[in-house]
Structure formats: structure tokens, C-alpha cells
Amino acid sequence: MKRIAIVNQRYGLEVNGGSEYYTRLLAEHLRESFDVTVLTTTALDYDTWENHYPAGTEKIHGVKVLRFPVKHRRNILLFRIITKCTFVLKKIGIHIDRQWIYAQGPVVPRLLRYVQAHESDYDAFFFVTYLYYATAMGLPKVAGKSILIPTAHDEPYIDLPVFRKLFLKSAAILYLTEEEKEFVQRKFQNAHVPNDVIGVGIDLPDELHKPEGVSSAVLKFRADYQISGEYIIYAGRIDTGKNCEEMFTFFQKYKQMHPDSSMQLVIVGKAVMEVPVHADIHYLGFVSEADKYAAIAGAKWLWLPSRYESLSLALLEGMALGTPGFVNGACEVLKGHCIRSGGAVYYEGYQQFEQKLNEMEHCNKEAYMQMSRQAKRYVEEQYTWGRVEDKIGKIIKEL
């Protein structure tokens, strides 16, 4: 059985983040076919990288996890200053991108030393997400065995020179969507690097595959959290980086413009920004996976306001549950899901947002059910773990 290491900046059942959640799903599924070790940090919190978990080895859902301590907490003020300086100096040809990587963190030199010392122990090293220290500094040390899963999108940081070598020197690159692949290859001219589009598999709890299971889970969720009536849901980190500020602004403006609207907004996830107090905004905080799925299954629509996504597990999970998506069309990946599936709607700007949400509130039942069916069919046909595992097995053999 081939041995693989999967590197990510955070890992754990309590960790709230897209690439981190993807990494956990990937590790748990690949352990059936490979000897998997996750290499990660002791951090739980994204803002500070403060050491939370004990360093050393543990098992999570049958996966071996090896944790390394973070050298120091992130200084948010210093990071913001260095970020501003990085982009100002870049305009005149001065690059301090390595300093930016260290300021952003999480700085884990022991993880890097382990990767370098144990290169011969593994057949491949998967680095999930390009943006952080562990990938930027670690991947070049084992470039010949590296498989980059960049989770890339069009954001200012990707233009920093420190990242260019990742996209050119990796032994292979695995993309999550065709849009991500096209964007990266256009930016870095790296079509010669072996690659594939693997996507993700979507698993749901067994009881949510049955209509009666969905109904009972949703009813329990509504009773536990005192939610009644129709609602649109946002599930994920509540952060300005996810465009949540615009989400709240748009929703409150819509309610002002449409005082007869009964639509509510339910929010689940960890908040790293202020959630406005509003009679129709229900912030539930970080909830269990069972409650999260029930909340999504009970929603009329699932809202993705982000401008920057490389896949969006939340959208695909919602569609698998038959909950159509409502997404920001400024994100090409989310817009692509809408166009290919017929199970989601996109908007661009407030005027379109208002028009589409009003149409969604008053659409007839048959049209809604058709969209729900198309959403489920799209995920069932395109996003299976068998497909992901076959492609990963093939790329490892080619290394």
C-alpha cells in the first residue's frame, strides 16, 4: 500500500474552513486505498494560529494525524501593515512576499523539517491550498513528490512571486473545477505540469437520503432552534473575506424594500465579524454536522455571497440535499455550477439580487421542485468519491 502525506494548515473536527474540511474528507476516503498521514499544526483558530491541540500523533476517524507546534501567534496588526506594504512595494518592483508569508503564518518550521527528513518515507505529498506557510515553504523541499491541490481563485495574493514556483515546480496539480484549472493555466502558463480536475465526493448522513429522515431531522432542527417559516441559509465562516458584510447589507435592504416579505436568513458557522441584530436574521453559531445538514435541508435556498471560491463544498452539499443555490455571479466557479446544473441561481449586484430573490420567494412549487431535482442530479452524477479516488490513484502512479 502506497504511503501518502497530506499537508494542511489546520485539521480537526472543530475546524471551520473550506480547504480544511476538504482535507479531512479527502484523508478519510483515501485511507481505504492508501496509508495516509496528515501533517498539520496544533492551531484551531484561524486569526491567531494559537496552539490549541497537543503536538504529536493522534487518530481522527481512523486517520493518523501528526501535529507540529506553531512558532508564534499571528500579530494581526503587523500582518495588515505588511500586507499593505507588500502590494505598495510590488508596484515599484520590490518584493517582500516571503515576509508576507511569515507574517500570515502559521509558521511551523518543525513541520518543514519533518517533510524534508522523511521524504523517502512517502510516495507522495499532497499540499492542500497554495496560500499558507506549510505549502509555500514546504512544497519546494519535496517538489519531485509533490501534488498541489491549490484551491486557487482570482485574488490579489496569488500574484505574489513566492507562489509562482508552486504552480510551475509541482510534480502534479489537482484542480477542483474546470474554472480553477483554466484560471491557473492562463495565469501561470503551466499546462505542461501533469494535472487533472478531481472535484470532490459528496457524502450525506444515511437518514438524510430518505424523505422521512429529512422531514424528522428538519422538524427537530426547527424545534431546537425555534425557527419557523421559510428561510434562506448561509453555512460557513462569517467573515468579510467571504463577502458576508455585503450579504447582510443586501438582505437588510431587501427587507426594507419588501416589507411584506416573510423570508428569513439563518446563519450557521463561526463568526469572525459582527452579525447584525435583525428580527429576520437568526445567527446559530457553530453547530453539529447533523444540525448543519438539517438546517440546509430545511432551507428554501442556500446562499453563497463569496466572490472567491475554488469549489464550494457548502453549495454542493446543499444541492445534494435538494436545496437550490443562490450565489454571487462575480465568482466564476459558483456561476459555473449554476449554468451546468440548472439547480442554482446567480446574481450580480444588488439590483439583480433583489429581482432574483423576489422571484425566488414567489416561484411556483413545480418550478422550484424541478430546480431541486436538477440540483440533486448534478451532484449525484458529477461528485462521487469513487471518481476522485480513481483520478488520484492514476496521478500517483504517474509520478
Side-chain angles (χ1 to χ4, degrees), residues 2-11 17-20 22-24 26-27 30 34 36-41 43 49 65-68 70-71 95-153 155 157-176 180-181 183-185 187-198 310-311 391-392 395-396 398-399:
K2 290 188 179 293
R3 296 191 68 198
I4 64 172
I6 305 178
V7 181
N8 191 279
Q9 64 277 0
R10 293 185 299 158
Y11 191 93
S19 80
E20 295 89 342
Y22 179 86
T23 299
R24 182 162 67 82
L26 186 68
L30 291 185
F34 302 96
V36 177
T37 300
V38 172
L39 307 179
T40 189
T41 72
W49 305 121
V65 180
L66 186 52
R67 296 188 185 279
F68 299 86
V70 180
K71 189 174 181 180
H95 301 293
I96 59 168
D97 43 326
R98 288 179 69 88
Q99 289 88 332
W100 183 86
I101 287 289
Y102 277 83
Q104 181 189 217
V107 178
V108 273
R110 290 187 189 178
L111 189 155
L112 265 56
R113 288 198 291 270
Y114 177 91
V115 166
Q116 194 163 23
H118 294 266
E119 179 178 5
S120 61
D121 294 345
Y122 297 94
D123 295 287
F125 289 83
F126 288 75
F127 291 85
V128 185
T129 206
Y130 79 93
L131 192 61
Y132 298 99
Y133 173 96
T135 297
M137 301 293 115
L139 186 150
K141 295 183 181 300
V142 288
K145 290 185 174 181
S146 66
I147 297 176
L148 177 63
I149 303 179
T151 69
H153 43 256
E155 58 183 346
Y157 311 114
I158 201 167
D159 290 319
L160 298 179
V162 69
F163 295 127
R164 184 172 184 80
K165 62 186 175 186
L166 302 181
F167 292 96
L168 294 175
K169 300 299 184 183
S170 298
I173 301 179
L174 297 177
Y175 300 103
L176 301 185
E180 182 192 12
K181 175 181 174 178
F183 164 70
V184 168
Q185 292 189 346
K187 177 168 285 292
F188 296 105
Q189 300 297 305
N190 67 339
H192 62 280
V193 177
N195 68 85
D196 205 344
V197 177
I198 61 168
S310 57
L311 176 67
K391 290 188 172 189
I392 285 177
I395 209 85
I396 288 175
E398 292 174 355
L399 279 183

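- Separating the CG atom in Leu30 from the CD1 atom in Ile4 is a distance of 5.0 Å, to the nearest 0.5 Å.
- Listed by chain and number, the residues in a salt bridge (Lys or Arg N to Asp or Glu O under 4.0 Å) with Lys71 amount to none (sequence neighbours excluded).
- Every residue two or more places apart in sequence or in another chain that forms a side-chain hydrogen bond (donor to acceptor under 3.5 Å, both in side chains) with Gln9 is listed here: Ser19, Glu20.
- For the pair Ala27 and Tyr11, the tightest heavy-atom approach, listed with the atom from each and the gap, is CB-OH, 3.7 Å.
- For Lys145, the side-chain contact (heavy atoms from CB on, under 4.5 Å) partners are Glu119, Phe125, not counting sequence neighbours.
- Of all non-hydrogen atoms in Asn195 and Tyr175, the two that sit nearest each other are CB-CE1, 3.7 Å.
- Here the CZ-CG distance, from Arg3 to Asp121, works out to 5.5 Å after rounding to the nearest 0.5 Å.
- Closest heavy-atom contact between Gly105 and Tyr132: O-CD2, 3.5 Å.
- In terms of the side-chain contact (heavy atoms from CB on, under 4.5 Å) criterion, residue partners of Arg110 (sequence neighbours excluded) are, by chain and number, Phe68, Pro69, Arg113.
- Contacts classified as side chain to side chain donor-acceptor pair (under 3.5 Å) and involving residues 95-108 (residues at least two apart or in different chains) are given here: Thr83-Trp100.
- Rounding to the nearest 0.5 angstrom, the gap separating the CD1 atom in Ile147 from the CG atom in Leu139 is 10.5 Å.
- The two residues Asn8 and Thr23 have their closest heavy-atom pair at ND2-OG1, 3.0 Å.
- A heavy-atom distance below 4.5 Å is found between the side chains of Leu26 and Ile392.
- Shown here are the side-chain hydrogen bond (donor to acceptor under 3.5 Å, both in side chains) partners of Tyr122, two or more places apart in sequence or in another chain: Tyr114.
- Heavy-atom minimum distance, His153 versus Ser310: ND1-N, 3.8 Å.
- Taking the six-membered ring for Trp, Trp49 and Tyr133 have ring centres at least 6.0 Å apart.
- A search for side-chain hydrogen bond (donor to acceptor under 3.5 Å, both in side chains) contacts involving Tyr130 returns Glu155, not counting sequence neighbours.
- Here the CG atom belonging to Asp196 is positioned 7.0 Å from the NZ atom belonging to Lys181, to the nearest 0.5 angstrom.
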> Passes side-chain contact (heavy atoms from CB on, under 4.5 Å), Phe183 versus Ile158? Steps please.
Replying inline: CA-CA 11 Å; Phe183 164 70; Ile158 201 167; 3.7 Å; yes
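- At least one side-chain heavy atom of Asn190 sits under 4.5 Å from a side-chain heavy atom of His192.
- Among residues two or more places apart in sequence or in another chain, the side-chain contact (heavy atoms from CB on, under 4.5 Å) test is passed with Lys141 by Leu112, Gln116.
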Side chains of residues 159-173: which donor-acceptor pairs under 3.5 Å do they make with residues two or more places apart or in other chains?
| from | atom 1 | to | atom 2 | distance (Å) |
| --- | --- | --- | --- | --- |
| Asp159 | OD1 | Lys187 | NZ | 2.7 |
| Ser170 | OG | Leu166 | O | 2.5 |

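- Residues passing the side-chain contact (heavy atoms from CB on, under 4.5 Å) test with Gln189: none are found, sequence neighbours excluded.
- Applying the ring-ring contact (aromatic ring centres under 6.0 Å, His included) rule to Phe126 yields no partners; only residues at least two apart in sequence or on another chain are considered.
- Under the side-chain hydrogen bond (donor to acceptor under 3.5 Å, both in side chains) criterion, Thr151 pairs with Thr129, not counting sequence neighbours.
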> Step by step, would you call Asp123 with Leu399 a side-chain contact (heavy atoms from CB on, under 4.5 Å)?
Replying inline: CA-CA 9 Å; Asp123 295 287; Leu399 279 183; over 6 Å; no
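- In this structure, Leu174 and Pro150 approach most closely via the heavy-atom pair O-CD, 3.3 Å.
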